[in-house]
Chemist: 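One structure is given below, represented as structure tokens, and several questions about it will come after.
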Protein chains: 2
Amino acid sequence: MSLAHVILGLLQQQERTGYDLKTKCFDDCISHLWQADQAQIYRTLDKLESQGWITCNVEIQHDRPNRKVYRITEAGEAELTHWLQTHHPLPVLREPLLVQLYFAAQLPNEAIVYLLEQELEARQEKLAQCETIEALSLSNPTASREQKLHRLVLDLVKQREQTYLDWLEKAIATIRSQST
Amino acid sequence: MSLAHVILGLLQQQERTGYDLKTKCFDDCISHLWQADQAQIYRTLDKLESQGWITCNVEIQHDRPNRKVYRITEAGEAELTHWLQTHHPLPVLREPLLVQLYFAAQLPNEAIVYLLEQELEARQEKLAQCETIEALSLSNPTASREQKLHRLVLDLVKQREQTYLDWLEKAIATIRSQST
DNA sequence: TGCTAGTATATGATTAATCATATATAGGAT
DNA sequence: ATCCTATATATGATTAATCATATACTAGCA
């Protein structure tokens, strides 16, 4: 499971709680990279701990639930380093919109255009989210090796969205220009 | 579940068996669009039948298992037409390679380049698969409305792969040009 | 003779991800 | 006084997808 390795990567940066991982990491910093559900994060932390790849230190709190602070172990670092250098199969992508277009021959042009316009809007919003994350990243003035890699990743994600936007505009124009 | 609607779309074209769907449709014609496991196809056919969206006609065979030929019902067509016009949320994409690059700062440049080169190879292969499907599609000389939509879909899938390839080449050059 | 590929459907098991909900308290807003 | 947000973890249920394996017969190849 890759989520386990994303978490190992985040814990290698610094020790964190499940709550930190969800709010500060997955939601605020790497939502363009990997989305994760809170329940799955906690359950994956349990698995990583029982594997011996992370350890947990409980900070007692009285006004709210205790914080379980997780830290990567040497075995965890070794596992991460190994995983980082292993090629993984391309993820399978299943896009409802493409299925809709594929089977849309019976629909009137206006219905198809409407569908494409809604997708365009959703994709524009997603690109905007990427740009928010980019702004956050660029606000950090250091040009470390890590920063450069983060920007490379953002470049792809943004370019991917731009490819969709360009294609959607072309597709809308194509459908509109048709008689039927 | 979108798979159910992909199957409805395929059964609207013509009646088919589960085996036909798997081999002639999913594997040969729309693998760029939607990959589906045999087991999941059969179980989805059962669900669609109990929903009343398809019906089944059993053709008795003696030399091999009976063929269960499925056909879309009127209720199924209504459901498909409705689904085709409904906007669906963007699918979540999780790419191990991007995670690897994001956390790769500690790796030597050669290791990163090796990773990117393996991804490049995999993406080239995927583009080649798209082109095989495209050749199959272009071999059909009719320029029907359906054909045009199929080609629009293929355009995006190919363009998407090309975006990856361009980015990968740029990323490899960037990493190689660095001192560390 | 044994092996593989093709035709055809079915089921058990597991994984990854999501959704809903529960618990507990503090502090600020309406 | 009530509601919402933030902090913090946990668990039950369900879905979508994948993997493995079972059954059963034919035909062709080595």
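Heavy-atom basis, side chains included; hydrogens, waters and symmetry copies ignored. A, B, ... follow the sequence lines: proteins, then strands. Residue 1 opens every chain.
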Chemist: With the side chain counted from C-beta on, respond yes when B/E110 and B/V113 share a heavy-atom pair under 4.5 Å apart, and no when they do not.
Modeler: no
Chemist: For a quick test of your reading: what N or O donor-acceptor pairs under 3.5 Å do the side chains of residues 124-134 of chain B make, sequence neighbours left out?
Modeler:
{"from": "B/T132", "atom 1": "OG1", "to": "B/A128", "atom 2": "O", "distance (Å)": "3.0"}
{"from": "B/E134", "atom 1": "OE1", "to": "B/K158", "atom 2": "NZ", "distance (Å)": "3.0"}
{"from": "B/E134", "atom 1": "OE2", "to": "B/K158", "atom 2": "NZ", "distance (Å)": "3.0"}

Chemist: When you check the phosphate oxygens OP1 and OP2 of C/dT9, does a side-chain N or O of B/Y19 lie under 4.0 Å from one of them?
Modeler: no
Chemist: For B/V92 and B/T23, take the nucleotide of DNA chain C holding the closest heavy atom to each; which residue's nucleotide lies nearer the 5' end?
Modeler: B/T23
Chemist: Contact boundaries of DNA chain D with chain B (under 4.0 Å, heavy atoms), 5' to 3'?
Modeler: D/dA16 to D/dT26
Chemist: Determine yes or no for a side-chain-to-main-chain donor-acceptor pair under 3.5 angstrom, with B/R67 supplying the side chain and B/T17 the backbone.
Modeler: no
Chemist: Please report the end-to-end axis angle for the helix from C/dT1-D/dA30 to C/dT30-D/dA1, five pairs per end, rounded to 10 degrees.
Modeler: 10°
Chemist: Output side-chain donor-acceptor pairs under 3.5 Å for residues 83-108 of chain B, partner residues at least two apart or in another chain, one line each.
Modeler:
{"from": "B/W83", "atom 1": "NE1", "to": "B/H88", "atom 2": "NE2", "distance (Å)": "3.0"}
{"from": "B/T86", "atom 1": "OG1", "to": "B/H82", "atom 2": "O", "distance (Å)": "2.8"}
{"from": "B/H88", "atom 1": "NE2", "to": "B/W83", "atom 2": "O", "distance (Å)": "3.4"}
{"from": "B/H88", "atom 1": "NE2", "to": "B/T86", "atom 2": "O", "distance (Å)": "3.1"}
{"from": "B/R94", "atom 1": "NE", "to": "A/Q35", "atom 2": "O", "distance (Å)": "3.0"}
{"from": "B/R94", "atom 1": "NH2", "to": "A/Q35", "atom 2": "O", "distance (Å)": "2.7"}
{"from": "B/E95", "atom 1": "OE1", "to": "B/R123", "atom 2": "NH2", "distance (Å)": "3.0"}
{"from": "B/E95", "atom 1": "OE1", "to": "B/Y164", "atom 2": "OH", "distance (Å)": "3.3"}
{"from": "B/E95", "atom 1": "OE2", "to": "A/R160", "atom 2": "NH1", "distance (Å)": "2.4"}
{"from": "B/E95", "atom 1": "OE2", "to": "B/Y164", "atom 2": "OH", "distance (Å)": "2.2"}
{"from": "B/Q100", "atom 1": "NE2", "to": "A/W83", "atom 2": "O", "distance (Å)": "3.0"}
{"from": "B/Q100", "atom 1": "NE2", "to": "A/L84", "atom 2": "O", "distance (Å)": "3.2"}
{"from": "B/Q100", "atom 1": "NE2", "to": "A/T86", "atom 2": "O", "distance (Å)": "2.7"}
{"from": "B/Q106", "atom 1": "OE1", "to": "A/Q12", "atom 2": "NE2", "distance (Å)": "3.2"}

Chemist: Taking CG from B/D27 and P from C/dT7, how many angstroms apart are they, rounded to a whole number?
Modeler: 12 Å
Chemist: Are B/H150 and B/E146 packed together at the side-chain level, in the sense that at least one heavy-atom pair is separated by less than 4.5 angstrom?
Modeler: yes
Chemist: Quick one: side chains of residues 36-45 of chain B, donor-acceptor pairs under 3.5 Å with protein atoms, not counting sequence neighbours, listed by atom name and distance.
Modeler:
{"from": "B/D37", "atom 1": "OD2", "to": "B/A39", "atom 2": "N", "distance (Å)": "3.0"}
{"from": "B/Y42", "atom 1": "OH", "to": "B/Y19", "atom 2": "N", "distance (Å)": "3.3"}
{"from": "B/T44", "atom 1": "OG1", "to": "B/Q40", "atom 2": "O", "distance (Å)": "2.7"}

Chemist: Starting from the 5' end of DNA chain C, give me the residue, B/T17 or B/R94, whose nearest nucleotide shows up first.
Modeler: B/T17
Chemist: Is any NZ, NE, NH1 or NH2 atom of the basic residue among A/E77 and A/R71 found under 4.0 Å from an Asp or Glu carboxylate oxygen of the other?
Modeler: no
Chemist: B/L33 versus B/V6: any side-chain heavy-atom pair under 4.5 Å?
Modeler: no
Chemist: Under a 3.5 Å threshold, yes or no: a donor from one side chain and an acceptor from the other, between B/T73 and B/T55?
Modeler: no
Chemist: Using a strict cut-off of less than 4.0 Å between a Lys/Arg side-chain nitrogen and an Asp/Glu carboxylate oxygen, indicate whether A/D20 and A/K24 qualify as a salt bridge.
Modeler: yes
Chemist: Among residues 38-55 of chain B, which ones have heavy-atom contacts with DNA chain C below 4.0 Å?
Modeler: B/Q38, B/A39, B/Y42, B/R43
